[in-house]
There are 2 protein chains.
Amino acid sequence: MARPASEEKRTAIMNATIGLVAAAGTGTSTAKIAKKAGVAEGTVFTYFSTKEALLSALLLELEGELADILLKDPLPGDEGREDMQHFWNRLIDWGVTNPTKWRTLKRLKISSQVPDSIRTQGERRFDEAAVVLARALARQAGEDANIRYAGIIMNAIAEATFDAIADNPNQRETLKLRGFAVFWGGMAGLSQEGSLTL
Amino acid sequence: MARPASEEKRTAIMNATIGLVAAAGTGTSTAKIAKKAGVAEGTVFTYFSTKEALLSALLLELEGELADILLKDPLPGDEGREDMQHFWNRLIDWGVTNPTKWRTLKRLKISSQVPDSIRTQGERRFDEAAVVLARALARQAGEDANIRYAGIIMNAIAEATFDAIADNPNQRETLKLRGFAVFWGGMAGLSQEGSLTL
DNA sequence: AAAAAATGAGCGCCTACTCACTCATTAACA
DNA sequence: TGTTAATGAGTGAGTAGGCGCTCATTTTTT
């Protein structure tokens with residue numbers, strides 16, 4: 001009956017937010033977001049009730065996008081090193097091709113402007129990926145390896161690798177390989193240490 | 001001749017800032033800092049000319065404190081695994097006993113409210129520690145291992161380990177050991193991948 | 001007495017968000 | 001098929017409140 005909401009405007013606001021949060025953090029004003037999106041400030045609030053809602057929606061969308069990419073095409077299927085490396089390559093490739101998204105995601109994950117409930121909800125988007133990760137990791141790090149801990153380590157090493165690639169883009173493939181070697185070696189180290197009741 | 005500046009007030013302001021930045025980020029207002037420090041808002045500006053100056057001083061102080069602790073007492077001296085583990089244990093112990101400082105340091109390091117020049121200056125406080133780290137690492141990761149990359153990885157795994165300990169404080173020693181095993185294993189992985197021109 | 005620390009009301013500016021309004025879109029009716 | 005009524009997207013000046021910071025004044029020290 002009335003003017004339909006425009007998907008274009010919504011994504012323009014989202015994209016403007018990605019750019020500004022990457023550059024200046026979650027403290028960026030809604031006025032700047034609106035300006036960059038080419039939209040009146042009021043329009044931001046017709047698509048997102050509050051700034052918190054905007055940042056929350058963005059966090060969930062970015063995590064969803066990354067989770068989808070991790071699961072996109074089929075794994076080699078060795079349920080070990082090769083599967084894991086495939087995973088790793090996708091993670092790094094996404095970060096390298098989407099540096100501002102990566103940066104924004106990193107900031108949103110620790111922002112106090114996103115409620116904990118959203119952060120919890122976002123983590124759940126990686127549940128499916130975590131299952132695959134657990135299977136591929138079982139032999140390298142032990143059946144009872146704490147998958148959450150391994151996931152955090154993977155993310156941490158990916159972050160370091162990604163920064164290194166940003167500094168030396170021409171060494172991308174070597175650094176990607178090297179980052180994986182560090183992660184895989186780390187998981188081997190993990191298996192050699194005593195069991196744990198978590 | 002006149003009233004002397006009070007070191008107590010200065011540290012009260014610093015400590016209040018540590019607590020508030022850890023909890024709410026660098027967006028915390030000077031009014032809140034003053035209130036928590038038990039001081040008038042104007043007093044904050046007699047000790048630090050601007051909020052940026054306050055955050056910068058805090059970053060440098062925290063990095064200095066951590067760097068000092070890393071170098072405090074002598075290393076075992078094997079110039080290998082044991083030296084490295086000694087280093088690691090000090091890093092984790094500091095993070096575990098000073099969680100709000102750790103959190104604040106992490107936030108200040110990526111805050112756009114701290115100028116890059118300060119961040120660069122802060123990194124230099126770890127130069128001495130980096131030399132020791134490089135020596136201890138040479139055999140495990142190769143003579144030409146990129147020390148900056150290794151440092152970032154160590155920091156990243158420390159962060160993950162620290163979070164794990166925060167969740168399971170009674171497993172502190174086991175997790176500390178495990179975190180080091182991951183790091184050391186990772187460095188072994190590093191040595192097995194092709195050379196790099198950085 | 002002299003000097004500097006300490007104070008907090010006040011300054012101009014920026015913030016997230018609102019609201020009275022315009023206008024594009026479409027369903028319903030002549 | 002052409003006209004109209006209903007709807008809600010889109011707008012941007014306006015609002016209250018919070019921000020970093022200042023400064024006239026008071027308090028504390030030498």
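Just so it is clear, the values below take in all heavy atoms, side chains as well, and ignore hydrogens, waters and symmetry mates. Residue numbering restarts at 1 for every chain, and letters A, B, ... go by the order of the sequence lines.
Rounded to an integer number of Å, the gap from B/K51 NZ to D/dC19 C1' is 8 Å. We find that CD of B/Q113 is positioned 11 Å from C1' of D/dC19, with the value rounded to whole Å. In this structure, the CZ atom of B/R3 is 4 Å from the C1' atom of D/dT28, given to the nearest Å.
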Let me check something: any side-chain donor-acceptor pairs from residues 32-41 of chain A under 3.5 Å, sequence neighbours excluded? List them with distances.
residue : atom : partner : partner atom : Å
A/E41   : OE2  : A/T30   : OG1          : 2.9

Report, one line per pair, each donor and acceptor closer than 3.5 Å where one atom sits in a side chain of residues 84-92 of chain A; sequence neighbours left out.
residue : atom : partner : partner atom : Å
A/Q85   : OE1  : A/R81   : NH1          : 3.4
A/H86   : NE2  : A/R90   : NH2          : 3.3
A/W88   : NE1  : A/K176  : O            : 2.9
A/N89   : ND2  : A/Q85   : O            : 3.4
A/R90   : NE   : A/D73   : OD1          : 3.1
A/R90   : NH1  : A/L70   : O            : 2.4
A/R90   : NH2  : A/D73   : O            : 2.6
A/R90   : NH2  : A/D73   : OD1          : 2.7

Determine all donor-acceptor pairs shorter than 3.5 Å in which one atom belongs to a side chain in residues 120-127 of chain B; sequence neighbours excluded.
residue : atom : partner : partner atom : Å
B/T120  : OG1  : B/D116  : O            : 2.9
B/E123  : OE1  : B/R148  : NH1          : 3.3
B/R125  : NH1  : B/L60   : O            : 3.3

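The stretch residues 32-50 of chain B touches DNA chain C through B/V39, B/A40, B/G42, B/T43, B/Y47, each having a heavy atom within less than 4.0 Å of the strand. Of the residues in residues 9-19 of chain B, those with a non-hydrogen atom less than 4.0 angstrom from any atom of DNA chain C are B/K9.
By the 4.5 Å heavy-atom criterion applied to side chains, B/L59 and B/L55 are not counted as neighbours.
An end-to-end axis angle of 10° holds for the helix from C/dA1-D/dT30 to C/dC29-D/dG2, taken from five base pairs per end and rounded to 10°.
Neither OP1 nor OP2 of C/dC14 sits under 4.0 Å from any side-chain N or O of A/S29.
Applying the ring pair (Phe, Tyr, Trp, His ring centres under 6.0 Å) criterion to A/F45, with sequence neighbours excluded, gives no partner residue. Partners of A/E61 under the side chain to side chain donor-acceptor pair (under 3.5 Å) rule, at least two apart in sequence or in another chain, do not exist in this structure. Considering only residues two or more places apart in sequence or on other chains, A/E128 meets the side-chain contact (heavy atoms from CB on, under 4.5 Å) condition with A/L71. Considering only residues two or more places apart in sequence or on other chains, B/E7 meets the side-chain contact (heavy atoms from CB on, under 4.5 Å) condition with B/R10, B/T11. Applying the ring pair (Phe, Tyr, Trp, His ring centres under 6.0 Å) rule to B/W102 yields the partners B/F162; only residues at least two apart in sequence or on another chain are considered. With sequence neighbours left out, the side-chain contact (heavy atoms from CB on, under 4.5 Å) criterion links B/E79 to B/D83, B/R135, B/R139.
The residue among B/T28 and B/P4 whose nearest nucleotide of DNA chain D is located toward the 5' end is B/T28.
Atom-to-atom distance recorded for A/I13:CD1 and A/T43:OG1 is 6.5 Å, nearest 0.5 angstrom.
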